[in-house]
Structure formats: C-alpha cells, structure tokens
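Because the structure is predicted, anything quoted here is derived from the model rather than measured.
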Number of protein chains: 2
Amino acid sequence: MNQKRRGRRAAGEDTRAALIAAAREVFVEKGYDGATVRAIAAKAGVDAAMVNHWFGGKEGLFAQAVLQLPFDPSEILKRLLDGPVEQAGERIIRTFVTVWDATGGGTFAALIRSVTSQPEVANALKSFFVNAIFKNLLTEIGAEQRELRATLCATQMVGLGIVRYVVHFEPLASTDVETVVKAIAPNMQRYLTGDLN
Amino acid sequence: MNQKRRGRRAAGEDTRAALIAAAREVFVEKGYDGATVRAIAAKAGVDAAMVNHWFGGKEGLFAQAVLQLPFDPSEILKRLLDGPVEQAGERIIRTFVTVWDATGGGTFAALIRSVTSQPEVANALKSFFVNAIFKNLLTEIGAEQRELRATLCATQMVGLGIVRYVVHFEPLASTDVETVVKAIAPNMQRYLTGDLN
DNA sequence: GCATAAATTCAACATCTGTTGAACTATGGC
DNA sequence: GCCATAGTTCAACAGATGTTGAATTTATGC
C-alpha cells in the first residue's frame, strides 16, 4: 500500500470533484446513513478530513453530491410541452425512463434510499416532481384539479422508479424503453387530462 | 425518574410483546438503521438487553416486528377475486388504501424505509405484492403477460403507498378513500385487463 | 527566493452503536 | 418454605462514526 505523503499535493488534482463523484456512488449504494465519510473518502483516494475541509461536513457533501439534480426542470418542462397535449403522457414516460436509464437509475435510487433519514429529500422529490414539473405542466395544459393530478402523476413516476431502479422487479426492470412507454403512458395521460370521477 | 429495580418483574407484564409493539413504532419512524435498540427498549419501558434476550439481537426483533405482515395474502386474494373482473382494479385500490390507512400507513412506511438497508425487505415486498397477490390474481383472471402486468400493478401500488404514507404529498395524502379509488382504480384496471400495446 | 496561505494527512476525541456477562429478584414446582 | 430457573437491570466493552486540531508539504504572491 502506497502510504500518502502529507501536505499539499501537486497541482492538477481536484480533490473536491473526486469527493463529489465518490459520494454520488456511495450515497447511491448505501443511502445517507449507510454511507460513511471514511468510505467516501477512501473511494476518492483522500483523507476523511477532506470532507469537512471542503464541505463543512457530511451533510454539506450530501447536498452537493445528491441534491444537486443533474437536470434543469425548466428544460425538461419545455421538452414535455413540445407537442400535442394528448401525447404528453407518452413524452413524460419516455423522457423519464430515458434520462434515468442513462444515469443507471443511480440518482433516483439515491433519492429514495435517503427519504428515510433526510426530510429534505422528501422535499426535493416534491419540489422537483410535483411542483417544478407536473404542476407547471398541468397549468400549461389548463387542467383542473391540478394539485390532485400532480400527485397522481407522482405516484406513477415514483412507483415506476422504485420498481425499475431500486428493487429491480423483473421483467419491468429490464424492459426496453418503448415497451415501458406503451404500457404506462396511457395511464399517465389519464392523470393529466382524463376524467378522475 | 423512577429507577427500575433489578430482577424479575411481577407476573402479568409481557415484555416480549411490549418490545414488538415499540419496535413497530420506532422502525416505522426511523427505518432499520435509524432505529436504535436503546430507543426501542426505552419506548417499551425495559432495558436494551431484553432485545438480545428475547430476540437474539436487533435483526431478530426486526423480523418479528416488521416482516410479519399483518395480513394473510390468500385472504386478501379471495376478497379481490370476489366480484366482476372489470371491477377488480377498484377492489384492489379500495382494499389497499383501507387496510393501510387502518394501520396509519405505518407498516408500509416501515417496509419502504427499510428497503435501503435490508435486501430481504425488497424480497418481502416482491413476494407479497407481486407474487402472492398480483400474479395469482392475474392467473385467476386469465390474463396474458402476467409477469409484466404484475410489476406494472406494483408500480402503481408502491407509488401510491409512498406518496400517501411516506412522503405525504398533499392533497393525495389526505384524500378520502372513495376519491382515491375513483382516481386510481381505472388505471389499475388497465394494468390488469387492458391493452398494453 | 521568501513568507504566507492552501491543501493534505494523521492521530485523537467524544459519542453512539449493538452486544455481553454479571448481579439481582420474583416465580413456580416440589 | 426451598430452590432452581427465568426475567430483568446494570455496567462495561469493542467497534464504528463524524469531527477537530496539529503537523507537514506544496503552491502562490511579492
């Protein structure tokens, strides 16, 4: 084992970025409580004290690594609105699955895994899914009962995410995007524009 | 604070049961990792060592308190099959919400909160929802693509459970049973008997 | 080049965790 | 009534965890 020399490293190594990257992985796999500062630091190849140095503590690192959602809600919203309203459900499912598949579902799993210990995560979920996406979408569509519809959409999205990315129930976990879209999009569409009574 | 006397208590006090009850509450609120043996014992009004005495350790208590599902799947299945097929979705949602509402959603929240740390919990979720309920139900109905349909049903159930019982998104978290049924049952019905292509 | 500041490791701490063994006390069979 | 036993508390341990301060090394400004 090559023991590290003390003191400042040669330029070019970005410890901060390495920590964030490592933290993403470990938080994803273990959740907030299960992930230890030492494990993250080890994966980043630096000392645990660096977490406090750069982020003020474990919580600060978590905020940087996980709560910084990797997409711009308004960008997604624009994309979802681009097209006929009666295909919005389809676009939602396709966008969602494509985007999360691309990250290996990791960020989503991390969010869910951390709902336990971090109340802020529940709020992150809510402000992202419900408020930033669905409520605005429904406003543009001009739907009624927007609040209820938004939470209904959330049930389908969250449920899909859990089954596909967290607990990996087959065959849904491995089904290709288009099949998933065909299977789920009509249900989403009903929550958006259908009759709820 | 009335300090406890050592030694055996007077008859009539069931420490084991008190521990299970307390464990349910604490596991529900904190999840497996977040719940400490000391906290559970304190809530039960006994010493932490009792957990090891009665259950061999924290894990044993968890198995008794949470994984012992409070319902008989075959009983539920019978209830879901009792009536016209085209109303099965409705019965599912009504049964589900009624049952979990009655427990305050606690057991469900505990399951989800523990998906993180206990892989067995994911399996418990799967064997309960997917295998014991939906797959059998779909077999009775005589549907095709049973595996896919079962997991689709699971997405809606799990998503509803999370939104209503874990993260408490309003208004869905507080909506009365019949409104929830009307809103969601048709979607469930489509996963059971509708066209997925 | 030199002094200051920044980055990094290391050792240690305080706290909390699950578990264990010993000490104590009521119960129940005889 | 005696006594083995089951139930209970207590004190303590070993391990892990987040955090902190000192020590050390490199980079940067002048």
For nucleotides 17-21 of chain D, list the nitrogen or oxygen atoms of the protein found under 3.5 Å from its nitrogen or oxygen atoms, one pair per line.
{"residue": "D/dG18", "atom": "OP1", "partner": "A/K58", "partner atom": "NZ", "Å": "2.7"}
{"residue": "D/dG18", "atom": "OP2", "partner": "A/V37", "partner atom": "N", "Å": "2.9"}
{"residue": "D/dG18", "atom": "N7", "partner": "A/R38", "partner atom": "NH1", "Å": "2.7"}
{"residue": "D/dG18", "atom": "O6", "partner": "A/R38", "partner atom": "NH2", "Å": "3.0"}
{"residue": "D/dT19", "atom": "OP2", "partner": "A/K58", "partner atom": "N", "Å": "2.9"}

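- A salt bridge is defined here as a Lys NZ or Arg NE, NH1 or NH2 lying under 4.0 Å from an Asp or Glu carboxylate O, and B/D195 with B/R190 fails to meet this definition.
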Result block: side-chain N/O donor-acceptor pairs under 3.5 angstrom for residues 85-92 of chain B, not counting sequence neighbours:
{"residue": "B/E90", "atom": "OE2", "partner": "B/R94", "partner atom": "NH2", "Å": "3.3"}
{"residue": "B/R91", "atom": "NE", "partner": "B/L80", "partner atom": "O", "Å": "2.8"}
{"residue": "B/R91", "atom": "NH1", "partner": "B/P84", "partner atom": "O", "Å": "3.2"}
{"residue": "B/R91", "atom": "NH2", "partner": "B/L80", "partner atom": "O", "Å": "2.8"}
{"residue": "B/R91", "atom": "NH2", "partner": "B/G83", "partner atom": "O", "Å": "3.4"}
{"residue": "B/R91", "atom": "NH2", "partner": "B/P84", "partner atom": "O", "Å": "3.2"}

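- A/F27 meets the ring pair (Phe, Tyr, Trp, His ring centres under 6.0 Å) test with A/Y32, A/F62; sequence neighbours excluded.
- The side-chain hydrogen bond (donor to acceptor under 3.5 Å, both in side chains) search around A/T151 returns none, not counting sequence neighbours.
- In this structure, the CG atom of A/D14 is 19 Å from the P atom of D/dT26, given to the nearest Å.
- When the side-chain contact (heavy atoms from CB on, under 4.5 Å) test is applied to B/E140, the partners found at least two apart in sequence or on another chain are B/L81.
- Taking atom CE of residue A/M50 and atom P of nucleotide C/dT9, one finds them 6 Å apart after rounding to whole Å.
- Between the NE2 atom of B/H53 and the P atom of C/dA22 there is a distance of 16 Å, given to the nearest Å.
- Considering only side-chain N and O atoms, A/T15 lies under 4.0 angstrom from the phosphate OP1 or OP2 of C/dT8.
- Proximity of B/W54 to the phosphate of D/dA6: no side-chain N or O atom is located under 4.0 Å from OP1 or OP2.
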Review item, side-chain donor-acceptor pairs of residues 38-48 of chain B, under 3.5 Å, at least two apart:
{"residue": "B/K43", "atom": "NZ", "partner": "B/E25", "partner atom": "OE1", "Å": "3.4"}
{"residue": "B/D47", "atom": "OD2", "partner": "B/A49", "partner atom": "N", "Å": "2.8"}

